[in-house]
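Positions are given from 1, in the same order as the sequence printed here. None of the values given here were measured: they were computed from a predicted structure.
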Amino acid sequence: MKLTKAMEAEVIRTMQEYGTAYQKKDLKAFSALFSDEITGFGSGPDEVIADHPGLIRQMRRDISQATILSFEFSDRKIFGDGRVAWATSKSTITFTVDGTKKQVLRGRSTMVLRNTGSRWLIEQLHFSMPYGEQSAGQSFPGA
């Protein structure tokens with residue numbers, strides 16, 4: 001079974017709730033969006049998520065280091081079979097560090113979500129940023 005329009009809207013709502021909870025530094029709301037078995041990667045070399053407690057440790061670190069002004073997903077592509085959904089999107093995070101000048105991270109996200117029957121839980125998460133030393137049209141830096 002393909003995702004219905006209603007299911008796709010639920011996945012989008014879950015993604016929006018993720019961005020809102022992250023921006024508001026709401027650990028309780030953020031935590032509730034993820035399964036106990038969450039795995040994933042952030043953009044930093046040590047940002048490896050192996051389980052739910054690891055996700056919360058990462059979130060605490062993130063929110064201690066910056067004030068998030070906005071978190072937006074765009075250019076979403078969502079597919080699934082009704083039980084599982086997978087999404088790709090561009091991610092834009094606008095933030096400040098210690099009240100300094102506004103900065104913007106423009107990255108890419110992937111998520112795998114599982115339908116529990118009452119809501120969608122995020123099972124896998126990946127946020128990355130394009131490699132700065134690799135130019136458009138190159139598959140490898142310097143190629």
Side-chain angles (χ1 to χ4, degrees), residues 1-98 102-143:
M1 167 177 102
K2 289 178 65 170
L3 290 182
T4 65
K5 292 285 187 198
M7 288 175 174
E8 186 174 336
E10 291 167 0
V11 169
I12 290 169
R13 187 171 51 252
T14 300
M15 293 173 76
Q16 291 168 330
E17 289 172 357
Y18 169 100
T20 299
Y22 193 90
Q23 180 180 350
K24 291 182 176 182
K25 300 183 178 189
D26 185 341
L27 279 170
K28 184 176 179 181
F30 187 81
S31 176
L33 298 170
F34 294 87
S35 78
D36 290 339
E37 295 81 28
I38 179 66
T39 63
F41 297 101
S43 61
D46 64 340
E47 294 181 348
V48 177
I49 299 164
D51 54 23
H52 200 273
L55 171 78
I56 299 307
R57 276 191 303 278
Q58 182 63 51
M59 174 65 166
R60 283 193 173 113
R61 183 175 100 170
D62 289 3
I63 65 176
S64 75
Q65 293 180 9
T67 298
I68 308 303
L69 304 174
S70 67
F71 191 128
E72 299 175 21
F73 294 105
S74 61
D75 299 329
R76 288 182 297 254
K77 305 282 190 236
I78 300 169
F79 302 95
D81 68 2
R83 298 167 297 139
V84 176
W86 47 95
T88 61
S89 65
K90 292 181 181 176
S91 303
T92 305
I93 305 169
T94 306
F95 67 98
T96 63
V97 175
D98 294 330
K102 180 170 65 171
Q103 300 179 64
V104 179
L105 291 178
R106 288 181 178 83
R108 300 178 270 203
S109 295
T110 60
M111 290 184 191
V112 176
L113 302 93
R114 178 176 47 88
N115 187 348
T116 68
S118 61
R119 63 188 177 129
W120 290 87
L121 287 177
I122 302 169
E123 296 282 350
Q124 184 274 332
L125 176 68
H126 188 184
F127 174 77
S128 64
M129 306 224 353
Y131 185 52
E133 294 182 31
Q134 185 174 328
S135 300
Q138 290 181 324
S139 294
F140 299 92

* Asked: Just how far is it from atom CZ of R13 to atom CD of E8, taken to the nearest 0.5 Å?
  -> 12.5 Å
* To do: Kindly write out the residues that satisfy side chain to side chain contact (heavy atoms under 4.5 Å, CB included) with T88, not counting sequence neighbours, or none if the list is empty.
  => K77, T110
* Structure fact -> Heavy-atom closest pair (L3 atom, G82 atom, distance to 0.1 Å) is CD2-N, 3.6 Å
* Asked: When you look at CD of E133, are more than 12 heavy atoms from neighbouring residues, nucleotides or ligands closer to it than 6.0 Å?
  -> no
* Structure fact -> Applied to residues 111-143, the ring pair (Phe, Tyr, Trp, His ring centres under 6.0 Å) test, sequence neighbours excluded, yields F41-H126
* **salt bridge (charged side-chain N to carboxylate O under 4.0 Å, His left out) contacts touching residues 47-75 (sequence neighbours left out)** => D46-R61, E47-R61, D75-K90
* Asked: Does a side-chain heavy-atom distance below 4.5 Å link I68 with T94?
  -> no
* For the residue pair V84 and N115, establish whether any side-chain heavy-atom pair is separated by less than 4.5 Å. => no
* How close do A87 and I78 get, heavy atom to heavy atom, and via which atoms? -> CB-CG1, 3.9 Å
* Asked: Between K25 and I63, is there a donor-acceptor pair closer than 3.5 Å when you use the side chain of the first and the backbone of the second?
  -> yes
* To do: Report the distance from atom CG of L113 to atom CZ of R83, rounding to the nearest 0.5 Å.
  => 14.5 Å
* Asked: Does anything in residues 14-34 pair up under ring pair (Phe, Tyr, Trp, His ring centres under 6.0 Å), and if so which pairs, sequence neighbours excluded?
  -> Y18-F30, Y18-F34, Y18-F71, Y18-F73, Y22-F71, F30-F34
* List for me each residue that meets side-chain hydrogen bond (donor to acceptor under 3.5 Å, both in side chains) alongside S64, sequence neighbours excluded, and say none if there are none. => none
* Under the side-chain hydrogen bond (donor to acceptor under 3.5 Å, both in side chains) test, residues paired with T67 that sit two or more places apart -> none
* Evaluate the criterion side-chain contact (heavy atoms from CB on, under 4.5 Å) for residue pair R108 and S89; output intermediate values, then yes/no. => CA-CA 6 Å; R108 300 178 270 203; S89 65; over 6 Å; no
* Asked: With no hydrogens and no angle check, is any side-chain donor or acceptor of E10 less than 3.5 Å from a backbone partner on T14?
  -> no
* V97: partners by side chain to side chain contact (heavy atoms under 4.5 Å, CB included), with sequence neighbours left out -> A66, F95, T100, Q103
* Name all pairs fulfilling the salt bridge (charged side-chain N to carboxylate O under 4.0 Å, His left out) condition that reach into residues 119-131, sequence neighbours left out, sorted by first residue then second. => R114-E123
* OG/S43 to CG/L105 distance, rounded to the nearest 0.5 angstrom? -> 6.5 Å
* Pairing residues for T39 by the side-chain hydrogen bond (donor to acceptor under 3.5 Å, both in side chains) criterion, not counting sequence neighbours -> none
* Hey, does L69 have a side-chain heavy atom less than 4.5 Å from the side chain of T96? -> yes
* Asked: Roughly how far apart are L125 CG and Q58 CD, rounded to 0.5 Å?
  -> 10.0 Å
* Distance-only, no hydrogens or angles: does the Q138 side chain make a donor-acceptor pair with backbone N or O of A143 under 3.5 Å? -> yes
* Enumerate the residue pairs fulfilling salt bridge (charged side-chain N to carboxylate O under 4.0 Å, His left out) with a member in residues 27-40, sequence neighbours excluded, ordered by first and then second residue. => none
* Asked: With S31, which residues qualify under side-chain hydrogen bond (donor to acceptor under 3.5 Å, both in side chains), at least two apart?
  -> H52
* Mind checking side chain to side chain contact (heavy atoms under 4.5 Å, CB included) for A29 and listing every partner two or more places apart, or none if nothing turns up? => A21, D26
